[in-house]
Every structure is written in C-alpha cells, then in structure tokens.
Protein chains: 2
Amino acid sequence: MQLKNQVEWALHCCAILAGLPDGRYLATKDLAELHGTPKEYLSKALQALSAAGLVASTLGPSGGYRLARPAAEISFLDIVEAVEGRQRTFICTEIRANSPCRPAGFCDTGPCTIARVMWAADQAWRDHLAATSLAQLSHMLDAELDPDLWAATGRWVAQRV
Amino acid sequence: MQLKNQVEWALHCCAILAGLPDGRYLATKDLAELHGTPKEYLSKALQALSAAGLVASTLGPSGGYRLARPAAEISFLDIVEAVEGRQRTFICTEIRANSPCRPAGFCDTGPCTIARVMWAADQAWRDHLAATSLAQLSHMLDAELDPDLWAATGRWVAQRV
DNA sequence: GAGAGACTACTCGGATACAGTCTGTCCGAGTAAATCCGG
DNA sequence: CCGGATTTACTCGGACAGACTGTATCCGAGTAGTCTCTC
C-alpha cells in the first residue's frame, strides 16, 4: 500500500503556491521545472487539485495555478484526498457472509468487527493529516529547515509570476 | 491507496486460528471454504504470515496452520505488515534536490519537512493497529457482535481439526 | 505382530496469465492576454 | 491614437501506451502421517 508519487508532487506544489503573492498565478511549466517532474503528468495532479477546489486556474499567458483558499484553510488531508480519492484504505467485502455455517436468514448486527478496527486506524491517519495546514508547513519551512533553499526558491518563483 | 484484499483474508484467518485448540492445525482448504475465497490464492496470504513468523505450518494429513505465538502477542499491525510489507505508505523521493535554484554543493539539513508530516501520520496509523491484538479481537467477537455466527463458526471449525 | 515400503493429504514454491492501476506522452480544443493592423 | 482582428501561451480534457502490481490459477516437489504388504 503506497501513496502515488503525484501526492508528493501535489504537496510540494501547494507549498510553493502558498508562498505566491496575492492574485498571481504560477504555470505548470514552472512547477515542473522546479521539481524536475514531467510537465504533462504533473498537470494531472494539479487538475485533481483543481477539481477538488483547492487551487484555481487561469488560462492564457501569465496563467497557471494559485491556491483557491487561504493556506491556513488547506490541510494535508485535503491534498492527499484530492489526489488519492476519499475511499478508505481498508475495504470490507463482508466475507463473514460467505460462511457455510451462517444460519439461514442471519442478519448482521453491524459492521464487521475487524473492519471497525481497521477503519479506526484509518481515521487516526486522516486526523493527523487534517491537523496540519499549508500555513503551518510554510512556517516550518521558514523556520526549521533549509531556510536558504526555501528563500532561494521564493526568489526564483518571484521572477516567474 | 488501498490495502489488498489478502489483508482482509489474513485478518479473518488469524481470528479463526486464534480460537483453535492448542496444538491443532487448520488446513488452507477449510479456511478458504469458511471465507469463500480461492484456496490457492488465500494460500499466498498464509505463506506471507508464515514467512513473518506469525503462524506455524505442518505438512501431511491433519496439517495446516496455527498461530506461532499467543493471540495476545499478535497485533493487527503484525498481520498487516506481514502481507503488505513494512514500507512506509509515503515515499519521499527528495524532489527538493531537483530544484534549479538549489545552491551548488547544498547539503540537506535533514528529512524533507513534508515527508516528516506524512511519516508522522503513517506512524499514527501503525500505532493504532499495533494497539489491538488478536486476543482483544476474539474478546470483541465473543462479547459484542454476532455471537451466534461466531459460536457456530467455532463448532464448524472444531469438527475439522 | 513388526518393520519396510507404498500411499495419501497436505504445504511450499515457481510459472503463468489476466486485469487494473500507475506512470508518462501526445495532441487538439478552448481561453485570456499580448500583439498587430487598419482606420 | 484607438478598436478590432490575429497571434501567442497557457489550461483542459481525452486518447494512448508501457510498466508494474494485484488477483488468480495450475502444477510439480517435498513432507508427514497412514495404510499395506511381507516376513
């Protein structure tokens, strides 16, 4: 069970977009160059973000993407679910029902006990992702790690918008 | 991102094996019949459990599988990791390093900030799975849900070992 | 009756096949800004 | 100099292809009990 690499790309792209001046857009081409990813494929991830309403796009020259909401109102979970979908990681196919010793007309009293444990773990994962916003990420990048690279990236982006 | 259905099968099989009399084995054929799964493919999941040391097998007639440890010492995480592998769900490919504005000879100060958030969520998921043991699951099945089906299943299994 | 050999039922592992998803590419349609051209 | 037409640069969406993984089946090798046969 692995998240697709588009999730990683989408997260990094959103981190960049969170630092954009108000009202400016950054093109897919620049995002792809910045991260060394194939432009056309990265575009799929950005389209998913757009479909989920996390980013807004504009056509034409000086077009591209920007965040559709303040960075504080976009969580990691929003981005992961936009790319991966909202389905639970554990699918219960109710194999209980296949039991040869199941009494005739037996009616299940509720969701499979095993599924409930798995779903609770899934929820713990989602809760953790929902607790971190893009604004917090920007703050971490500013303060904690790689301030030089992050600042240089900011200047590089500023030239393009 | 979805867990494979072998994970579901493995969990249900372990729940059955946890109720087995000491020293007795249950054959793949019976486990497959009980859950309505293809025997040969289910066998792959059981082999994975065996490779991880969670279950023990014996050949020959009256052979099959049993738990290799007390049910209280086998967690959901053990089973999930046996089938799915121990890799983290989020793979960081360090796309930071592809940045065209990365200073020459720049040395990363540590793991990617985004990866650290994703890994922390991953850990929350694993912690939750590690907190539930097969013994607890047996207790839940006994007490909370479907006691009729669970008891009937116990009798069905008892005839086979 | 005892021991050796054959038989049976099972696990294990490899080979194979098919479908679906992931990854990646290509191209045409549509759109908004910039540019150009005619009055 | 101004307004409309053209060009340009981008997004969007679909079509397509290759690689990989997940799902599933089949079969032969090996093993541990059981049965049979011979002495």
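Chain A is the first sequence line, chain B the second, and so forth, proteins listed ahead of strands; every chain is numbered from 1. No experiment lies behind these values; they were computed from the predicted model shown.
- B:Q6 places its CD atom 8 Å from the C1' atom of D:dT23, with the value rounded to the nearest Å.
- Rounding to whole angstrom units, CG of residue B:N5 and P of C:dT21 are separated by 13 Å.
- In this entry the distance linking CZ of A:R66 with P of C:dA32 reads 14 Å, nearest Å.
- Residues that satisfy the side-chain contact (heavy atoms from CB on, under 4.5 Å) test with B:T153, not counting sequence neighbours, are A:S99, A:C101, B:I16, B:L34, B:L149, B:V157.
- Between A:L59 and A:L3, the residue anchored closer to the 5' end of DNA chain C is A:L3, taking for each the nucleotide with the nearest heavy atom.
- Between B:K29 atom NZ and D:dT25 atom P the separation is 17 Å, expressed in whole Å.
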Check your understanding: Could you walk me through whether A:W125 and B:D122 pass the side chain to side chain donor-acceptor pair (under 3.5 Å) check?
Key -> CA-CA 6 Å; A:W125 178 69; B:D122 192 274; 5.2 Å; no

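- Heavy-atom distances to DNA chain D give each of B:K4 and A:A56 a nearest nucleotide, and the one nearer the 5′ end belongs to A:A56.
- If you measure from atom CD of B:Q2 to atom P of C:dG20, you get 14 Å, rounded to the nearest angstrom.
- Counted by atom type alone, B:S133 and B:E73 present zero donor-acceptor pairs between their side chains at under 3.5 Å.
- The hydrophobic cluster containing A:L59 does not contain A:L46, counting ILVMFWY residues as joined when their side-chain heavy atoms lie under 4.5 angstrom apart, directly or transitively.
- Looking at residues 30-44 of chain B, you'll see B:K44 sit with a heavy atom under 4.0 Å from some atom of DNA chain C.
- Across the interface with DNA chain D, nearest-nucleotide mapping of A:P61 and A:M1 shows A:P61 to be the residue nearer the 5′ end.
- Under a hydrophobic-cluster definition in which Ile, Leu, Val, Met, Phe, Trp and Tyr are linked whenever side-chain heavy atoms come within less than 4.5 Å, directly or via other members, B:L49 and A:I95 are assigned to the same cluster.
- Dashed line: the shortest gap from a side-chain N or O of B:T28 to OP1 or OP2 of C:dT11 is under 4.0 Å.
- Annotation: side chain of A:R66 is not in contact with side chain of A:L26 (no heavy-atom distance under 4.5 Å).
- In this structure, B:L46 atom CG and D:dT23 atom C1' are separated by 16 Å, rounded to whole Å.
- Here the C1' atom of nucleotide C:dA29 and the CD atom of A:Q47 are 13 Å apart, to the nearest Å.
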